[in-house]
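Since the structure comes first, as structure tokens, the remarks are kept for the end.
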There are 2 protein chains.
Amino acid sequence: MWHTKWCILHGMHTYTPPTLTVDTVVFRLVDNQLEVLLIRRGREPFAGMWALPGGYCAAGETTEQAMSRVLAGKAGIITSRLEHVEQLYTFDTVARDPRGHAVSVTYMGLGRQIEPESSAATQEPAFFSVQDLPELAYDHEAIIRYAIDRLRSKLTYTNVIWALLPTMFTLTELQTAYEAILGRPLDKRNFRKKFHALDLLAATENMRKQGASRPARLYTFAHQKLESLDKSFD
Amino acid sequence: MWHTKWCILHGMHTYTPPTLTVDTVVFRLVDNQLEVLLIRRGREPFAGMWALPGGYCAAGETTEQAMSRVLAGKAGIITSRLEHVEQLYTFDTVARDPRGHAVSVTYMGLGRQIEPESSAATQEPAFFSVQDLPELAYDHEAIIRYAIDRLRSKLTYTNVIWALLPTMFTLTELQTAYEAILGRPLDKRNFRKKFHALDLLAATENMRKQGASRPARLYTFAHQKLESLDKSFD
DNA sequence: ACAAAAGTGTTAAGAATACACCCATGT
DNA sequence: ACATGGGTGTATTCTTAACACTTTTGT
């Protein structure tokens with residue numbers, strides 16, 4: 001059944017790999033909304049539609065290098081500004097060019113208050129609330145859903161929220177960030193109790209005043225890095 | 001910095017993708033040992049060393065198709081005999097040929113009492129206990145460790161053990177399977193209590209007699225498929 | 001004084017853990 | 001009768017979930 005391909009593969013010089021692409025789901029958190037970075041496609045297929053920033057991975061280039069290059073070139077985002085990047089999944093998908101099949105390695109990137117830097121090369125990069133996505137090219141909506149699932153589950157067993165929040169934040173901001181991503185309300189007292197028990201936060205001397213209400217203490221993460229929690233969160 | 005590659009990528013006919021390979025970690029459970037399928041490499045690099053069954057993914061072929069083809073051809077394992085297959089991770093790794101870089105999509109396959117069928121094409125496929133692996137080619141030891149981690153965590157929130165056990169088994173066999181994979185002893189009464197509470201098993205009329213001891217009731221999984229548990233197991 | 005968000009404890013129910021003896025069978 | 005593995009229940013601790021009022025500030 002697969003004999004033909006098998007023979008082809010024995011002659012090394014006749015080996016033709018599939019097209020390999022990299023697509024990246026970059027999230028940020030603005031106004032208690034989880035937002036995803038999209039670009040508008042300039043060419044066929046799906047010309048004019050919104051899509052995840054992605055492109056070809058070339059020989060000699062790791063998929064992470066390709067991701068950085070594409071993100072900078074097409075979307076004006078410097079990878080080193082992202083607090084966290086991880087691989088999601090590898091999809092067998094439709095090719096970027098019309099001839100058939102491609103393999104796409106997908107990544108998720110998380111940043112705080114990142115903004116795309118427009119340049120000649122970028123393709124109208126913009127952030128959209130995940131609640132309100134435009135119609136997307138390829139299978140990119142499925143990839144974004146996959147990324148949201150991954151992010152949600154990571155919230156419960158890591159301090160990954162660290163990558164999305166400013167370095168100082170109030171406990172209410174922390175809670176509303178969780179609520180925005182999980183998509184459900186959390187009990188204020190239980191939330192604070194659990195977070196204090198996890199011993200991840202350090203209180204600062206600073207307070208945030210806003211409007212006519214009691215000032216809120218500002219906190220930071222004690223260890224400015226991603227870590228797994230001993231006990232899962234929610 | 002990346003300008004050269006960026007330009008190359010704009011001319012479609014000059015695009016050369018990296019080598020794309022697929023490597024598969026096939027597990028079975030024999031004599032309360034988790035075993036992994038390896039083949040002995042016939043050619044350089046790493047000639048003579050043990051390795052995961054893997055090979056090139058060709059244009060027009062999905063990674064799953066490549067996995068099935070390679071598993072059948074090099075290791076004599078028919079993918080449809082595996083109860084469960086899932087993608088693990090995609091590694092940027094050393095190439096199978098000496099020139100540099102390759103991208104390897106890895107899969108995990110689980111089967112019950114599977115045996116490699118040797119043929120002219122197969123490369124000495126054999127199962128090894130994960131406790132006692134030979135020295136392995138490439139980064140394959142790291143891939144196996146990754147697969148074991150994935151399998152361990154899936155034990156706690158799915159009925160994935162179903163894919164490794166015979167269709168009928170005693171509760172003691174079920175428990176020792178968990179213990180073999182998790183690598184630690186479990187309390188017999190608590191184990192049975194939790195498993196009964198999960199409502200996954202159906203008692204059969206059959207009993208297993210062995211030696212001079214009370215016969216044990218045989219159970220099956222009520223739904224012969226992989227499912228996620230409402231409450232995590234351990 | 002009031003509006004607005006910050007902050008704080010207790011109780012009840014459920015889940016996880018530790019633990020030891022009797023049962024059915026073959027020899 | 002004894003050796004072998006099969007099978008069962010309870011008490012304790014810990015975790016989770018539900019729930020409402022006081023405090024601090026600005027206007």
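Predicted, not measured: the structure shown is a model, and the values here were computed from it. Just so it is clear: chains get the letters A, B, ... in the order the sequence lines come, proteins before strands, and each one is counted from 1.
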To the nearest angstrom, the CG-P distance between N32(A) and dA5(C) comes to 13 Å
For K194(B) and dT17(C), is the shortest distance between a side-chain N/O and OP1 or OP2 below 4.0 Å? yes
Between the side chains of T172(B) and R192(B), is a donor N or O closer than 3.5 angstrom to an acceptor N or O? yes
Looking at every strand, decide which applies to R192(A) at a 4.0 Å heavy-atom threshold: base, sugar-phosphate, or nothing. base
Of the candidates dA5(C), dG7(D), dG26(D), the side chain of R214(B) sits closest to dG7(D)
Counting only side-chain heavy atoms from C-beta out, which of dG6(D), dA5(C), dA20(C) sits nearest to R189(B)? dA20(C)
Are more than 12 heavy atoms from other residues, nucleotides or ligands located less than 6.0 Å from atom CD of E135(B)? no
Value in whole Å for how far the C1' atom of dA4(C) lies from CD of Q210(A): 10 Å
Output the single nucleotide from dT10(C), dC19(C), dT23(D) whose closest atom is nearest the side chain of K193(A). dT10(C)
Taking the side chain of A212(B) as heavy atoms from C-beta outward, which of dC19(D), dG26(C), dC19(C) is closest to it? dG26(C)
Which whole number of Å gives the distance between the P atom of dG5(D) and that of dC19(C)? 23 Å
Y178(A) ring center near F195(A) ring center (under 6.0 Å): yes
Separation of D187(A) atom CG from dA20(D) atom C1', in whole Å? 11 Å
Check every strand shown and say whether K188(B) touches a base, only sugar-phosphate, or nothing at a heavy-atom separation below 4.0 Å. base
Of S213(A) and L171(A), the one whose nearest nucleotide on DNA chain C sits closer to the 5' end is S213(A)
As a test of reading the structure: which of dA5(C), dG6(D), dG9(C) is closest to the side chain of N190(A), going by heavy atoms? dG9(C)
Expressed as a whole number of angstroms, how long is the span from R217(B):CZ to dT25(C):C1'? 15 Å
Give the rounded distance in Å between these two atoms: CZ of F195(A) and C1' of dG7(C). 17 Å
So, S104(A) versus T93(A): side-chain donor-acceptor pair below 3.5 Å or not? no
S68(A) side chain vs Q65(A) backbone, donor-acceptor pair below 3.5 Å: no
Nearest whole Å is fine: how far is dA5(C) P from E173(A) CD? 13 Å
Is any side-chain N or O of T172(B) closer than 4.0 Å to OP1 or OP2 of dG5(D)? no
What's the CE-P distance between M207(B) and dA24(C), to the nearest Å? 10 Å
When the distance from CZ of F191(B) to P of dT17(C) is rounded to whole Å, what number comes out? 14 Å
